[in-house]
Peer 1: 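The structure's right below; bear with me while I get my questions together.
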Amino acid sequence: MAGKRKNSKTNTGMKGIVCIFLVLFAVIAVAFIVIVKRFGGSHAASSRWNITDEKYVGQRPELEVELLPVNPYSRPGKELEKVNGIVIHYTANPGTSAMQNRDYFAGLAKSHTTSASSHFIIGLEGEIVQCVPCKEIAYASKERNKDTISIECCIEDETGKFNSSTYQSLLHLTTWLMGRYGLHVEDVIRHYDVTGKNCPKYFVEHEDAWEQFHNDLADYIARHGVDK
């Protein structure tokens with residue numbers, strides 16, 4: 001009987017050790033997965049973004065050139081120092097078209113209510129209107145006006161989310177500009193990243209959507225780009 005009790009205690013002890021081992025193994029496995037997702041995922045995204053070293057989008061998207069008149073409030077006519085980035089904005093006035101926003105910028109030359117403009121505006125049907133030449137500054141991003149190109153996007157509702165047509169044109173226009181000026185994915189930023197303003201609203205309030213946009217830029221170049 002004593003031998004059986006001794007064996008029973010030994011078996012219980014072994015089971016305890018095995019349980020502890022399994023728990024430790026599970027903890028280590030979970031930690032490893034978290035690390036891989038956090039750092040490995042970022043590395044994978046960074047690797048995808050390097051597609052700009054190999055390819056560029058050379059085909060310009062269809063666009064209407066409706067330049068603003070030169071004036072102190074929306075098109076000062078000053079040259080950009082250099083294009084170091086692209087800034088994404090949203091119009092913040094749901095349901096309006098690209099031309100309506102372009103005309104608002106043009107009207108500032110007479111109303112003098114504020115200083116504002118953008119190089120490009122993308123409408124709800126994917127139409128692109130150019131308001132300011134790329135070699136000139138637009139009044140869009142404060143201290144980054146001097147070295148960035150700005151893109152305003154129209155929205156359907158208060159969420160600020162771009163519809164499919166607007167989004168696809170944004171991908172094409174942005175990647176074309178990236179190729180034209182030798183920019184990388186990380187050179188595409190939000191108005192928020194410059195001034196802290198909640199613009200573009202959906203991309204500020206949904207970081208995952210902003211990250212996906214960056215990934216979509218790289219994928220667009222991979223699919224539609226040509227070798228450098």
Side-chain angles (χ1 to χ4, degrees), residues 45 49 57 61-64 66 68 73-75 83-108 111 113-132 134 137-145 147-178 183-221:
W49 293 359
V57 173
E62 292 186 13
L63 54 87
E64 301 174 56
E66 297 287 347
L68 305 174
Y73 293 89
S74 54
R75 185 189 167 192
V83 178
N84 291 321
I86 299 168
V87 185
I88 309 300
H89 305 254
Y90 87 127
T91 57
N93 47 1
T96 57
S97 69
M99 278 303 298
Q100 285 174 322
N101 283 281
R102 179 267 173 203
D103 291 343
Y104 166 74
F105 290 147
L108 295 176
S111 69
T113 54
T114 189
S115 296
S117 58
S118 183
H119 292 90
F120 298 93
I121 307 171
I122 303 177
L124 298 176
E125 297 181 0
E127 73 277 17
I128 303 173
V129 177
Q130 182 172 10
C131 304
V132 177
C134 291
I137 72 168
Y139 286 147
S141 309
K142 297 294 184 180
E143 64 267 21
R144 292 303 303 273
N145 287 337
D147 71 337
T148 59
I149 290 175
S150 55
I151 303 175
E152 287 271 1
C153 297
C154 294
I155 53 171
E156 293 183 328
D157 54 44
E158 293 292 344
T159 67
K161 185 176 182 179
F162 306 149
N163 70 24
S164 178
S165 297
T166 303
Y167 191 79
Q168 289 303 313
S169 290
L170 178 60
L171 287 175
H172 191 174
L173 176 60
T174 304
T175 53
W176 173 67
L177 289 170
M178 289 168 61
L183 303 176
H184 295 82
V185 174
E186 57 267 28
D187 298 320
V188 180
I189 61 176
R190 301 164 294 187
H191 188 182
Y192 167 82
D193 298 315
V194 181
T195 67
K197 184 177 180 180
N198 192 23
C199 174
K201 181 179 179 181
Y202 194 81
F203 281 161
V204 174
E205 297 178 354
H206 298 81
E207 286 285 347
D208 58 331
W210 177 242
E211 182 179 351
Q212 185 60 53
F213 175 62
H214 272 169
N215 291 334
D216 288 344
L217 289 174
D219 290 341
Y220 193 95
I221 296 170

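For reference, positions follow the sequence shown, starting with 1. Side chains included, hydrogens not; waters and symmetry mates left out as well; all remaining heavy atoms used.
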Peer 1: Does any non-hydrogen side-chain atom of Lys161 lie less than 4.5 Å from one of Ile155?
Peer 2: no
Peer 1: Within this structure, what is the CD1-NE2 distance for the pair Ile137 and His119, rounded to the nearest 0.5 Å?
Peer 2: 8.0 Å
Peer 1: May I ask you to check whether Gln212 and Asp208 show a side-chain donor-acceptor distance below 3.5 Å?
Peer 2: no
Peer 1: Does Thr148 use its side chain to pair, donor to acceptor, with the backbone of Arg144 at less than 3.5 Å?
Peer 2: yes
Peer 1: Tyr192: what forms a side chain to side chain contact (heavy atoms under 4.5 Å, CB included) with it, not counting sequence neighbours?
Peer 2: Arg190, Val204
Peer 1: Taking the side chain as every heavy atom from C-beta outward, state whether Leu183 and Val83 have any pair of such atoms under 4.5 Å apart.
Peer 2: yes
Peer 1: With heavy-atom distances below 4.5 Å as the criterion, would you say the side chains of Leu68 and Leu108 are in contact?
Peer 2: no
Peer 1: Of the non-hydrogen atoms in Gly123 and Cys154, which two are nearest, and what is the gap between them?
Peer 2: CA-SG, 3.8 Å
Peer 1: Measuring from Glu156:CD to Asn163:CG, what's the distance to the nearest 0.5 Å?
Peer 2: 4.5 Å
Peer 1: Output the distance between atom CD1 (Ile122) and atom OG (Ser165), rounded to the nearest 0.5 Å.
Peer 2: 11.0 Å
Peer 1: Check residues 124-132 and write down every donor-acceptor pair under 3.5 Å in which the side-chain atom is one partner and the other belongs to a residue at least two apart or another chain.
Peer 2:
| unit_1 | atom_1 | unit_2 | atom_2 | d |
| --- | --- | --- | --- | --- |
| Glu127 | OE1 | Glu125 | N | 3.1 |
| Gln130 | NE2 | Val132 | O | 3.2 |

Peer 1: Is a donor on one side and an acceptor on the other found under 3.5 Å between the side chain of Asp103 and the backbone of Gln100?
Peer 2: no
Peer 1: CD1 of Ile151 to OG1 of Thr166: how many Å apart, nearest 0.5 Å?
Peer 2: 12.0 Å
Peer 1: Using the rule given for side-chain contact (heavy atoms from CB on, under 4.5 Å), can you reason through Tyr167 versus Phe213, listing the C-alpha separation, both sets of side-chain angles and the distance that settles it, and then say yes or no?
Peer 2: CA-CA 9 Å; Tyr167 191 79; Phe213 175 62; 3.6 Å; yes
Peer 1: Is there a side-chain contact between Phe120 and Cys134 in this structure, where contact means two heavy atoms from C-beta onward sitting under 4.5 Å apart?
Peer 2: yes
Peer 1: Of the non-hydrogen atoms in Ala209 and Tyr202, which two are nearest, and what is the gap between them?
Peer 2: CB-CE2, 3.7 Å
Peer 1: Return the set of residues passing side chain to side chain contact (heavy atoms under 4.5 Å, CB included) with Glu62 (not counting sequence neighbours), or none when no residue passes.
Peer 2: none
Peer 1: Under 6.0 Å between ring centres, would you say that holds for Phe162 and Phe203?
Peer 2: yes
Peer 1: Could you tell me whether the side chains of Ser117 and Ser74 share a donor-acceptor contact shorter than 3.5 Å?
Peer 2: no
Peer 1: Can you find a pair of side-chain heavy atoms, one from Val185 and one from Met178, that are under 4.5 Å apart?
Peer 2: yes
Peer 1: With Tyr220, which residues qualify under side chain to side chain contact (heavy atoms under 4.5 Å, CB included), at least two apart?
Peer 2: Val57, Leu171, His172, Thr175, Arg223, His224
Peer 1: Could you grab the distance from atom CZ of Arg102 to atom CD1 of Ile121, nearest 0.5 Å is fine?
Peer 2: 8.5 Å
Peer 1: Hey, is CD on Glu143 packed in by over 12 heavy atoms from elsewhere, all under 6.0 Å?
Peer 2: yes
Peer 1: Using ring-ring contact (aromatic ring centres under 6.0 Å, His included) as the criterion, list what pairs up with His214, not counting sequence neighbours.
Peer 2: Trp49, Trp210
Peer 1: Donor-acceptor pairs under 3.5 Å, side chain of residues 85-94 to any protein atom, not counting sequence neighbours: which ones?
Peer 2:
| unit_1 | atom_1 | unit_2 | atom_2 | d |
| --- | --- | --- | --- | --- |
| His89 | ND1 | His191 | ND1 | 3.3 |
| His89 | NE2 | Ser141 | OG | 3.2 |
| Thr91 | OG1 | Asn93 | OD1 | 2.8 |
| Asn93 | OD1 | Thr96 | OG1 | 3.0 |
| Asn93 | ND2 | Asn101 | OD1 | 3.1 |

Peer 1: About how many Å separate CG of Leu217 and OG1 of Thr174, when rounded to the nearest 0.5 Å?
Peer 2: 6.0 Å
